[in-house]
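Taking it in order: structure first as structure tokens, then the write-up.
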Number of protein chains: 2
Amino acid sequence: MTTAVIADLGRRAQSMLDALAALSDEDGRITRLYLSPAHRRAADLVARWMGAAGMAVSEDALGTVRGHLPPAVPGPLANRRYLVGSHIDTVVDAGRYDGTLGVVAAILAVEEIRARGLKLPFGLDVLAFGDEEGVRFPTTLASSSAVAGVFKQADLDGARDSAGVSLREALVGFGGDPDRVAAAAYAPESVLGYLEVHIEQGPVLEIEGRPLGVVTSIAGQSRYMVTVTGEAGHAGTVPMTMRRDALAASAEMMLAVEAVARAGRADQMVATVGRLSLDPGAVNVIPARVSFTVDLRAETDPPRAAAADAIKQRFREIAEARNVAFLMDRYHDTPTTPASPRIQAAFARAVEDLGLPVRRLTSGAGHDGHAMHALCDIGMLFVRCRAGISHNPNEFADATDMGLAVEALIRALTALADGQGEV
Amino acid sequence: MTTAVIADLGRRAQSMLDALAALSDEDGRITRLYLSPAHRRAADLVARWMGAAGMAVSEDALGTVRGHLPPAVPGPLANRRYLVGSHIDTVVDAGRYDGTLGVVAAILAVEEIRARGLKLPFGLDVLAFGDEEGVRFPTTLASSSAVAGVFKQADLDGARDSAGVSLREALVGFGGDPDRVAAAAYAPESVLGYLEVHIEQGPVLEIEGRPLGVVTSIAGQSRYMVTVTGEAGHAGTVPMTMRRDALAASAEMMLAVEAVARAGRADQMVATVGRLSLDPGAVNVIPARVSFTVDLRAETDPPRAAAADAIKQRFREIAEARNVAFLMDRYHDTPTTPASPRIQAAFARAVEDLGLPVRRLTSGAGHDGHAMHALCDIGMLFVRCRAGISHNPNEFADATDMGLAVEALIRALTALADGQGEV
């Protein structure tokens, strides 16, 4: 593999990303919400690319564009397929890499597989999902959930955007047929796995100087609302020893959250206090009540559960020592989605083939793979991005890194075909 | 001194406080803002009480009601006087003790001094100030500042309430003559000192089981706005070791503030973080920027200044270790107002006379004494109140404690007359 091939793949990826970036619901910035006019145009462009790459193109009831490449050789896998893709919807004022890179990389991989005459013994379906960001409707991953056969029918009429448009109405406007949702689901026995290329959306690969990373899991998440109740008092008249300061207690609790997460480094644990409000909130009044959120993630579920227990135990000790009360309410919890060892191994083999070090890391952010895991094995390849920035016009991935990702995707599929991805 | 006398004084104080509490600008709760109709009625009632107690009554340009009791015996102090009082304005939805107790206690003391035939060699002026809470106008302590000769003339037209009424207009409406502000000031050589009885507005006396406390100073205050700037990031994708979390840094800083204040216990130091805001404030985003206030007070100025330095030094260390930036902006600073050792000794002697332990403590809250200190020596006697609650309908002081306070005030004045207050 020459550097020139990688560079060429990178340039082609960049060109396709630029073309998609031009399709926006807003002038001057990239905003492509699910089932919007810009999404329609992006779906049509992706369909044209798929067709040009030699794929049979269709679009399912939820707006997912699908390009099918049949197996090139007969055999026991000939009636099964790998799914490869990502999403083409964006957040408001988005970058041009999040999601779209995975779709573009899949299309380029199919082009190359055909151009190089690689004979895969299984079919390939390239999927361009439409509802990964969950910005327009209260639901999220609707399109990949339908593909995986776990879409909730009630969302068709129950989920409405801020203008009051139901998901069903938006689908009809987009050209979909909401009555054919069930047909969007793959039969599990027909699917070998789901592969996705995506920018990291974090700083790890860049700081370590690695273009690609093999995802070990999509981290499970627990979110808590913590409420600490002490006692208000005059900032001038209550001695330090007589205070029940809800904010000082919360400060100690926040450091405990941080310490527990730091201790979970081997489990790629992260914990974040992102929101905090306090009452009464006057410069000269001791805070009586503080509420803050805790967002806790880890590579696997057991250490996350153990960390939550450790945090709660520390909260108890702090609350007791400071004579304050606390509530720790878990209001959101999603389990870890493990990446299949088999697909991880195929990606690792491909990365090694390219002469690159294999960096395995968990995905702290959510992805379509979370829904797809209900259908089949999943795996992801992360691409280095600048400063970990995402969901922002400053989002950036280097063209060469993207070329490496396309090449790694091709080689991972080849490895899976060779059975070399088995572990 | 019999318990019956104390109980009687307490009952009379309670009755007068109840009468004042009935004078409110709002139905159903006590709100008596400076120069309001309720303040007018309260000033008139206080004036009647003063007259009934045998005092010559007047009202100055700023609305301060003054009752004068001439010296009972000739001598070198006969053309000088002690001032005794407090304020009759309140916060919105106030209690019935803050301020008013000091005015009521002074009037009762004069009644008793005459009734008991105590011959004081100096004059006594009872003062009922009107602008201690600073709720209506942006200025505060306007009335005691005028008495002390430090009122800022510019506030007459510059200070306006929320309805746009200037202080000058409100004074005219109240019956005052804004052109006679200068005449409100006492000649310093005519004044021997200022004494004030006030509820503690803190929990110390109650927790220690002491009815009365001798104030050593009105604590100086420094207020800071601290801004901590780190870097936003995705709560799921940025490892703990790569974070520049402005809230985690602030948590450590807040605990440092608390630790420095706790270490300053001997200086009656208190520090409070009462307000905090953060940006962007989303559950899944690492906070980029946090702003919080620090309110720092101590019995004297040097330890407060040293504590501010220590806090800033700890902030520097924390910011450096966490790779965040911070600004610590001092936006408010008032020096400590020391209580005169002579007046402290007189109060202490009186408290001892009553068979009570002498508890000395600083006043963390501000008082008219701060302005009066520009004119003369000041001293304050604190009365135990329930749970430290003030500025609230739940504010409560026991009638017996109030009776003890009136008796202690009488005895402190006697002690000063005897020269027994000298140190």
Which bit of [X] is near chain A, if near means a heavy-atom gap under 4.5 Å: side chain, backbone, both or neither?
X        : answer
B:Ile286 : both
B:Ser277 : neither
B:Val285 : backbone

Can you find a pair of side-chain heavy atoms, one from [X] and one from [Y], that are under 4.5 Å apart?
X        : Y        : value
A:Val283 : B:Tyr331 : yes
A:Leu247 : B:Glu258 : no
B:Arg243 : A:Thr272 : yes

task: Give me the contact list for residues 198-210 of chain A versus chain B, heavy atoms only, anything under 4.5 Å, ordered by residue number.
output: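 If one takes a 4.5 Å heavy-atom cut-off, the residues of residues 198-210 of chain A near chain B are A:Glu200, A:Gln201, A:Gly202, A:Pro203, A:Val204, A:Ile207.
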If you count heavy-atom pairs under 4.5 Å between each of [options] and chain A, which one has the most?
options                                : value
B:Met254, B:Gln268, B:Met242           : B:Met242
B:Gly264, B:Gly366, B:Ser390, B:Gly274 : B:Gly274
B:Gly233, B:Ala271, B:Ser250, B:Gly236 : B:Gly236
B:Ala251, B:Pro239, B:Ala232, B:Gly388 : B:Ala251

[X], part contacting chain B, at a heavy-atom distance under 4.5 Å:
X        : result
A:Leu276 : both
A:Ala219 : neither
A:Arg262 : both
A:Thr237 : both
A:Thr362 : neither
A:Met253 : neither

Is it true that atom [atom1] of [X] has more than 12 heavy atoms of other residues, nucleotides or ligands lying nearer than 6.0 Å?
X        : atom1 : result
B:Arg265 : CZ    : no
B:Arg289 : CZ    : no
B:Glu320 : CD    : no

Looking only at heavy atoms, which two atoms of [X] and [Y] are closest? And how far apart?
X        : Y        : value
B:Gly364 : A:His234 : O-CE1, 4.2 Å
B:Val270 : A:Val238 : CG1-O, 3.4 Å
A:Gly281 : B:Arg275 : O-CG, 3.0 Å

query: salt bridge (charged side-chain N to carboxylate O under 4.0 Å, His left out): which pairs involve residues 383-396 of chain B, sequence neighbours left out?
result: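 Sorted pair list: B:Arg384-B:Asp401.
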